[in-house]
Structures are given as structure tokens and as C-alpha cells.
Amino acid sequence: MSTMTLPETDTRNETAEETSDDRPEVFHYVQKDKIAESAVMGNHVVALCGQVFPVTKSAKPGSPVCPDCKEIFESLPTGGGDE
């Protein structure tokens, strides 16, 4: 198994889980630079947890987050430029 570092990971959550019952949707962390392209062009994005889906919704504050994405995101080093 190999490990890959994802550059510029966005903290906005995007959904891949559509539910037909009353369970809440789960939102995923995806690369920031891929969100708009996916929303406009319908391209698929890859979440930190490995889910692949087109961006269709933006999360609102307090929305449930994929536990796998959250765990991976919190384990990443904090970003920062050489500024």
C-alpha cells in the first residue's frame, strides 16, 4: 500500500452520500481546486477517504462529516506557505 500527499486540501465538505430515509447526508473533504470544476463541469473528485463523486452540494455549518475524511484531515500537517 502506498501513501500519497494531497496538496491544498479544502476544509469545505462535499457530499457523495444521498439518502432516501431520514439519515443525514455525510459530507467529504476534497481538494479545494477541484470543487468549482466539478460543480460546473460534472467532473468527479476524490475525497480524502477515497470516495469518488461529482460535487453536487455544499455543506452547511454543522453538517455531518465522513469520519474517515475527518480522521485523515486531522492527521495532515497544517498548511502554510513560505511567506
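Excluded from the calculations below are hydrogen atoms, water molecules and symmetry mates; all remaining heavy atoms, backbone and side chain alike, are included. The shown structure was predicted, so the numbers you read here are calculated from the model rather than taken from an experiment.
Note that CD of Glu37 is 11.5 Å distant from CD1 of Ile35, once rounded to the nearest 0.5 Å. Note that NZ of Lys60 and CZ of Phe27 are 7.5 Å apart. Values are rounded to the nearest 0.5 Å. Note that the NE2 atom of His44 and the NZ atom of Lys34 stand 14.0 Å from one another [nearest 0.5 Å].
Taking both residues in full, the closest heavy atoms of Ser38 and Val55 are given as OG-N, 2.7 Å, listed atom of the first, atom of the second, then distance. Taking both residues in full, the closest heavy atoms of His28 and Cys49 are given as ND1-SG, 3.4 Å, listed atom of the first, atom of the second, then distance.
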